[in-house]
Amino acid sequence: ESKSTGELVIYGMSISYNTIACNMLAADLKVGREQHVNLFDAAQKEPEFLSINPMGAVPALTHGDFCVAETTAILRYIARTFGPQYYSDLSIKEQATIDWVLDW
């Protein structure tokens, strides 16, 4: 399967622990940028954001025309797409150990 092309954008609010985790991995791999979503103004419930994540929650990610939400799904997507040597190239047991920590 070919990788999505286009800019990687992480939507969230910098005080959100879940957003921080996604931004940290993206920064470590030197990809993407953050797009501020003001939760105090309910921006995550606006139609523009709901087109990215119909659940109306942060974080969410777009990469070109691809959208995904939920912290661990985003972390796995970034790792598999931009850092396969740290995740996808591992054994199933090594991936499971990482998944265990991610899902905790």
Side-chain angles (χ1 to χ4, degrees):
E1 180 178 336
S2 64
K3 293 182 181 179
S4 291
T5 58
E7 183 179 30
L8 183 130
V9 181
I10 298 167
Y11 297 83
M13 195 166 183
S14 59
I15 62 170
S16 160
Y17 171 78
N18 293 327
T19 300
I20 291 168
C22 297
N23 286 333
M24 288 178 65
L25 180 57
D28 188 57
L29 294 173
K30 298 175 178 44
V31 298
R33 67 173 179 86
E34 179 183 0
Q35 176 65 48
H36 180 74
V37 177
N38 191 335
L39 303 178
F40 299 121
D41 290 340
Q44 76 278 18
K45 302 299 182 185
E46 296 294 326
E48 180 181 356
F49 184 79
L50 292 172
S51 70
I52 296 165
N53 181 5
M55 289 17 165
V58 298
L61 173 146
T62 58
H63 186 206
D65 61 359
F66 176 71
C67 301
V68 67
E70 295 301 323
T71 305
T72 56
I74 292 169
L75 291 171
R76 286 182 184 100
Y77 178 80
I78 293 171
R80 288 177 176 144
T81 304
F82 299 101
Q85 68 276 23
Y86 304 116
Y87 189 81
S88 301
D89 292 346
L90 301 177
S91 73
I92 297 298
K93 289 180 181 178
E94 290 169 319
Q95 286 182 21
T97 301
I98 291 170
D99 289 346
W100 176 18
V101 174
L102 285 175
D103 294 338
W104 176 66

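Just the heavy atoms: all of them, side chains too, but no hydrogens, waters or symmetry mates, feed the values below. Keep in mind it's a predicted model, so treat the numbers as computed, not measured.
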S.K.: Please report the closest heavy-atom contact between Ser88 and Arg80, naming both atoms and the distance.
M.R.: OG-CG, 3.1 Å
S.K.: Nearest 0.5 Å, what's the CG-OG1 distance between Asn18 and Thr72?
M.R.: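 Spacing of CG (Asn18) from OG1 (Thr72) equals 9.0 Å.
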S.K.: Using the rule side chain to side chain contact (heavy atoms under 4.5 Å, CB included), only one of Thr62, Ile78, Ile74 pairs with Val68; which is it?
M.R.: Ile74
S.K.: Which residue pairs pass the salt bridge (charged side-chain N to carboxylate O under 4.0 Å, His left out) test with at least one member in residues 81-104, sequence neighbours excluded?
M.R.: Arg76-Asp99, Arg76-Asp103
S.K.: Which other residues belong to the hydrophobic cluster containing Ile52, where Ile, Leu, Val, Met, Phe, Trp and Tyr are joined when side-chain heavy atoms lie under 4.5 Å apart, directly or via other members?
M.R.: Val9, Tyr11, Met13, Ile15, Val37, Leu39, Phe40, Phe49, Val58
S.K.: Parallel, tilted or perpendicular: which one describes the rings of His63 and Phe82, with boundaries at 30° and 60°?
M.R.: tilted
S.K.: Which residues pass the side chain to side chain contact (heavy atoms under 4.5 Å, CB included) test with Ala57, sequence neighbours left out?
M.R.: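 Scan of Ala57 (side chain to side chain contact (heavy atoms under 4.5 Å, CB included), adjacent residues dropped) gives Asn53.
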S.K.: Which pairs count as side chain to side chain donor-acceptor pair (under 3.5 Å) when at least one residue sits in residues 28-38, sequence neighbours excluded?
M.R.: Glu7-Arg33, Asn23-Glu34, Arg33-Gln35, Asn38-Asp41
S.K.: Apart from Leu50 itself, which Ile, Leu, Val, Met, Phe, Trp or Tyr residues share its cluster (side-chain heavy atoms under 4.5 Å, direct or through members)?
M.R.: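 Other cluster members: none.
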S.K.: Among residues at least two apart in sequence or on other chains, which ones pass side chain to side chain contact (heavy atoms under 4.5 Å, CB included) with Ile20?
M.R.: Met24
S.K.: Tell me, please, which residues at least two apart from Thr97 pass side chain to side chain contact (heavy atoms under 4.5 Å, CB included).
M.R.: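 Thr97 satisfies side chain to side chain contact (heavy atoms under 4.5 Å, CB included) with no other residue.
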S.K.: Quick one: OH on Tyr17 to OG1 on Thr71, what's the gap to the nearest 0.5 Å?
M.R.: 8.5 Å
S.K.: How about CD on Gln85, more than 12 heavy atoms from neighbouring residues, nucleotides or ligands closer than 6.0 Å, or not?
M.R.: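 Result for CD/Gln85: enclosed.
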S.K.: Which heavy-atom pair separates Ile10 from Ala26 by the least distance, and what is that distance?
M.R.: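 That would be CD1-CB, 3.7 Å.
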